[in-house]
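These notes concern the structure reproduced below.
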Amino acid sequence: MKESVIYQEIFQEGEQRAFQVGFERGFERGFQRGFERGFQKGQAKIIVLVLTHSLGIIYEEIEAKIRSLSISQLNELAIAQLNFTFLEDLINWLSESEN
């Protein structure tokens with residue numbers, strides 16, 4: 001049966017369809033992850049710019065912590081930063097967000 005021409009055609013069609021479906025799913029997942037990562041990086045960059053403008057110099061380790069936050073944490077920080085007066089306010093917020 002495996003030697004049958006019809007079997008071979010059906011097998012090849014199935015193989016091609018499976019490859020196409022797998023490729024499409026992988027592409028969609030990769031695109032979504034890339035979009036989310038790019039959005040997160042852009043949001044972190046804007047927050048660091050605003051914080052630098054309002055608080056002064058932001059140390060590298062603090063920037064790294066901000067860049068490592070999730071999108072939902074960055075959203076919370078975007079709102080919280082409106083109440084920051086000192087760099088210590090930011091440092092305290094980051095410490096509390098780790099818990």
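Side chains are part of it too, since the values below use all heavy atoms of this structure and drop only hydrogens, waters and symmetry mates. Note that the coordinates shown come from a computational prediction; the quantities given were computed from them, not determined experimentally.
- The two residues Leu77 and Leu69 come nearest to each other via the heavy atoms CD2-CD1, 3.9 Å.
- You'll find the side chain of Trp93 reaches within 4.5 Å of the side chain of Glu76, heavy atoms only.
- With sequence neighbours excluded, the residues forming a side chain to side chain contact (heavy atoms under 4.5 Å, CB included) with Phe86 are Glu88, Asp89, listed by chain and number.
- Atom CG of Leu90 is separated from atom CD1 of Ile47 by 10.0 Å, given to the nearest 0.5 angstrom.
- Here Arg37 pairs with nothing under the salt bridge (charged side-chain N to carboxylate O under 4.0 Å, His left out) rule; sequence neighbours left out.
- With respect to the salt-bridge test (charged N to carboxylate O, under 4.0 angstrom), the residues Arg17 and Glu13 do not qualify.
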Audit row: Asn75, Gln43, side-chain contact (heavy atoms from CB on, under 4.5 Å) steps and yes/no
CA-CA 8 Å; Asn75 289 337; Gln43 192 174 16; 2.4 Å; yes

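- A 4.5 Å side-chain heavy-atom check between Leu51 and Ile66 finds at least one atom pair inside the cut-off.
- Looking only at side-chain heavy atoms (C-beta outward), Ile57 and Leu87 stay at 4.5 Å or farther from each other.
- When the salt bridge (charged side-chain N to carboxylate O under 4.0 Å, His left out) test is applied to Glu36, no partner is found at least two apart in sequence or on another chain.
- Judged by distance alone, the side chains of Glu98 and Ser95 never bring a donor and an acceptor atom under 3.5 Å apart.
- Following chains of ILVMFWY side-chain contacts shorter than 4.5 Å, one cannot reach Ile79 starting from Leu94, and the two form parts of different hydrophobic clusters.
- Summarising the geometry of Ile62 relative to Ile58, their closest heavy-atom pair is CG2-CG2, 3.6 Å, with the distance given to 0.1 Å.
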